[in-house]
Amino acid sequence: MQVVLLFTMVMGLLLIGTPIAVALGLSSIIFLLAFSDTSLASVAQSLYQAMEGHYTLLAIPFFILASSFMSTGGVAKRIIRFSIACVGHLRGGLAIAGVFACMIFAALSGSSPATVVAIGTIVIAAMKQAGYTKEFAAGVICNAGTLGILIPPSIVMVVYASATDVSVGRMFLAGVIPGLLAGFMLMVTIYVMAIVRDMPKGEWRGFGEIGASFLDALWGLMLIVIIMVGIYGIPGLTGAIFTPTEAAAVASVYAFVVAVFVYRDMGPLAARDGQGRKSLLQRPQALVTALFHRDTRNTLLDAARLTVMLMFIIANALILKHVLTDEQIPQSIARAMLDAGFGPIMFLVVVNVILLIGGQFMEPSGLIVIVAPLVFPIAIQLGIDPIHLGIIMVVNMEIGMITPPVGLNLFVTSGVAGMSMMAVVRAALPFLAVLFVFLIIVTYVPWLSTWLPTSRMGPEIITN
Amino acid sequence: SCEDGEIVVKFAHVVNATGHPKGVAADTLAGRVNDEMNGTMCMEVFPNSTLYDDDQVLEAMLQGDVQLAAPSLSKFETFTKVFRIFDLPFMFKNVDAVDAFQTSETGQAMKDSMQRRGLQGLQFWHNGMKQFSANVPLVSPADAQGLKFRVQPSDVLVAQMEALGASPQPMAFSEVYGALQTGVVDGQENTWSNIWGQKFFEVQDGTTETNHGIIDYLVVASVDWLDSLDPAVRDQFLTILEEVTVAGNAAVGDLDAQARQSILDAGGVIRELSDEERQAWVDVMKPVWEQFEGDVGADNIAAAQEINASM
Amino acid sequence: MSGQTDAAVSPLGRFVNALEEMVIAYILAAMTVITFVNVVLRYVFNHTILWGLEVTTILFAWLVLLGISYGFKRTAHLGVDAILNIVGPGPKRVMVLLSALACLVYGGLLMKGAWDYWAPFAGYQRTEGRIIPTGFDDRTRDQAFYHTEQVPVPFGGEFLAERFNMGESYDKLPRFIPYFVLPFGVALMLFRIIQATIGVLAGRRDSLIVSHEAEDAVAEARMAEN
Ligand code: NA
Ligand code: NA
């Protein structure tokens, strides 16, 4: 009963336009003051420790920063050129290339909106020029962008791992096959639609263009290799070099170096004032000035701002989680569900419904922080693999990102495409159906999520 | 949940409610308190760091937001340095020696060492003796040279690894399995029940039975909270706690042996050391004592060694 | 992302803007560099900066807690504007004022919590009262002895010991230093919330949450590209 009150308060505050973080935090504080004798100081402690005490969450600022350097530093546009060279000649090829580019960028970036911005800004405009409708282009990118959190690395997976104490590395591996499958399903759907509606196709530019564009994009694509080798090692050659969290920091440094010193699309060596790119030999002082150059500072600031926005929500979601734990709510919900005689299937259906509804209003990371600790213990009791549960949650979050009223990808796409949000919602609808089918497949075929991590890292141990 | 008028005792810890000596003892304690002190006192246990982890729980205790905790002894560094004696390598022969030392007058006095900072030690709870594991066979101390070992962030343990010529790496406990498996770090030190419970043996070449140190917990409460209790209530509570402690600590040896056997049954490798081989480890690591004699107290070390010799 | 801003025309305003942006940008840079350096040290030199991890997580807390107020200033925090966008201007104003009130209450309560949490670590007294401070609690136990796990004291150790720890020297950096960002950051946040509320009352702002964030985010991404 008290819980209903708590969630009603959160909803009420959200709907009148209170910042999500404040809606979560204020409701928790009021609940705490009314129903327990815990002090306000403990709320402040939770707020601070959300950052200082959660080492895994450090991956969030680092992956965001890496993403910023890659999209401003010219990695995204080189990936798009490569994608078009590969599949642009098919019917609906530019759209398929857009999905392909989103998949590649997703393998570099941990966030979905970042993927939409990086790829969408270029691809949607190009598609319109090539004769596609704006709606179709927006729908494709809006959906394909959600792969940003399913294909590793992924901020949402980091948050799930942090909330449930499963291994981040394992979650990342688990996302590979479902990510590829979802991308493939989207591409097939587009291909079929393209044939039915007779959409344009690009010209085949030959293997030379594939090779050239691949080489041009190589520095960016190398990052995928660096992250994967760094986290998992090469059997027989080297052990792993860093943890998934550290991988994100290494990725940021690498992306900075590639953007500023190799591609030179930003920073002191970039082309400006009618002059071409400078080489490091012409301007050796760039080694130092690059760190403080306006472009570097702006990229850092963008990443810092996004980090603050997300972490303000996550930190307050952690306060709410603390309150729920303090009042032993997860236990009573678990008891209720088990008493009701839920089996694994019924349970997963309920989890999907909760997440789908929650995903309409909440930002994914905040929602996961709250829901994961509630359902995790029940899932373990029912013998559901925690990694499988994690992937189901991520896919639900993908759907939440493209459904109104709160859908980060909708917001970003409407901006990128210059369309009203409702128009984007309609445009995204056919592909939303694809994601729904995909969710059902992922829910009922645990193998898709668990095979790769289990074969690479052995069975998951439940320590929580 | 608790009824109105009952004294609520929140006990926050960081391990599983089942299968770990501390988790089991915490649940036993809560069961007995809620049964025998029904109407007066009500204990709620929060396992698995769900409420606080060991770094936050002492702050929360001083703030009055949690009443009972049992962090490992290395978490009290900032309150007192005397517990460093339990981290010093080869200070105690076995868990019995640890137990005898803790129940001696010297050990009992240590529980009061943090009073001026607001904490009262109540009971020591055992986990067990520490062993080394790594991704290469460890027989002589030279085998550990140049390896990266995950340690708890404590000055003594850092010094111990440096004495071995190994590189100490602080790392969140939840990341250790993955880091050992992929080779981000090479080895770690832990008790049999943790090595079994966290399945570290799966991703290591083997575990070497060094018994070089101890992992122990101290059940603590804040001085202010204890003072606020009615003396009769406090005594009843402390008596139950003592009985649970005695029974729990007595059972730790069995749990330890079980965990060790389970590792063998699961195909894990355990290397036993001959007396000479073990002595080589002692020779390399024992010099660390000198470095921390000032913190721990020479007389305390002497008392520990006297008990050790009598075992 | 930036939403509406109070145009910072005065030199002081511009300076404060630049300072805030500089601080959060380079805290993030420092976190990245420390983590990266530690990876290199470990893999190449088999060495590690022991305090690296702890300092990084502390900087993470600083980044976010200092950034929250900046987010309120730039109206950058996320929210649900679906209903705000469909109701008329009258009801919208009421809703926005109500949510401003919610933010004020949140900031106020958190301010008390932040002080109560931090004060004992610096040897100050907590406030009395459960919700509203009613004075200082002279039974507060001094916790100035409480230090971080691994962070060394870079300088001023003697001064800190004399001023805060009754002459007992610190082995490690006392916790009240990293924790200071909590009352400081929350105070800044409260200040920005008050400013925003005044802005709403005066009709200079029409919401506390970012709206049409997409356009702005994209505009910014484009600007960064050019
Ligand atoms: Na990704
Ligand atoms: Na949604």
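All values below were derived from every heavy atom in this structure, side-chain atoms included, with hydrogens, water molecules and symmetry-related copies excluded. Below, read A as the first sequence line, B as the second, and so on, with proteins coming before strands; counting in each chain starts at 1.
Taking the side chain as every heavy atom from C-beta outward, A/Thr18 and C/Ile209 never approach each other to under 4.5 Å. Using a 4.5 Å cut-off on side-chain heavy atoms (C-beta onward), C/Phe36 and A/Glu246 make no contact.
When the candidates C/Ile27, C/Leu109, C/Val186, C/Leu110 are compared by the number of heavy-atom contacts under 4.5 Å with chain A, C/Leu109 comes out ahead.
Using modelled atom types, one side-chain atom of C/Arg130 and one backbone atom of A/Leu33 make a donor-acceptor pair closer than 3.5 Å. Side chain of C/Arg42 to main chain of A/Ile241: a donor-acceptor pair is present (N/O by atom type, distance under 3.5 Å, no hydrogens or angles).
C/Tyr43 touches chain A through its side chain: at least one heavy atom from C-beta onward sits under 4.5 Å away, while N, CA, C and O do not. With a threshold of 4.5 angstrom between heavy atoms, C/Val181 approaches chain A through side-chain atoms but not through N, CA, C or O. Contacts of C/Leu59 with chain A are absent, with no heavy-atom separation under 4.5 Å from either backbone or side chain. Using a 4.5 Å cut-off between heavy atoms, C/Arg126 makes no contact with chain A at all. Neither the backbone nor the side chain of C/Pro183 has a heavy atom closer than 4.5 Å to any heavy atom of chain A.
Summarising the geometry of A/Gly17 relative to C/Leu84, their closest heavy-atom pair is CA-CD1, 4.0 Å, with the distance given to 0.1 Å. Nearest heavy-atom pair, A/Met309 versus C/Leu78, reported as atom, atom and distance to 0.1 Å: CE-CG, 3.8 Å. Scanning both residues, A/Val22 and C/Ala102, for their nearest heavy atoms gives CG1-O, 4.2 Å.
In this structure, OG1 on C/Thr35 lies 12.0 Å from CZ on A/Phe242, to the nearest 0.5 angstrom. The distance from atom OG of A/Ser42 to atom CG of C/Asp116, rounded to the nearest 0.5 Å, is 10.5 Å. Separation of atoms CE (C/Met31) and OG1 (A/Thr307) is listed at 7.5 Å; rounding is to 0.5 Å. Note that CG of A/Leu13 is 9.0 Å distant from SG of C/Cys103, once rounded to the nearest 0.5 Å. Atom CG of A/Leu40 sits about 11.5 Å away from atom CE of C/Met111, to the nearest 0.5 Å.
The residues A/Glu52 and C/Arg175 are annotated as not salt-bridged, no charged nitrogen and carboxylate oxygen being separated by less than 4.0 angstrom.
Taking the six-membered ring for Trp and the full ring otherwise, the centers of C/Tyr26 and A/Phe292 sit less than 6.0 Å from each other.
Using cut-offs of 30° and 60° on the angle between ring planes, the pair C/Tyr117 and A/Tyr48 is tilted. The aromatic rings of A/Phe312 and C/Phe72 sit perpendicular to each other, their planes meeting at more than 60°, with 30° as the lower class boundary.
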*Report the C-alpha separation of A/Ile16 and C/Val96 in whole Å, then their side-chain angles, then the decisive distance to 0.1 Å, and conclude whether the side-chain contact (heavy atoms from CB on, under 4.5 Å) test is met.*
CA-CA 7 Å; A/Ile16 61 167; C/Val96 172; over 6 Å; no
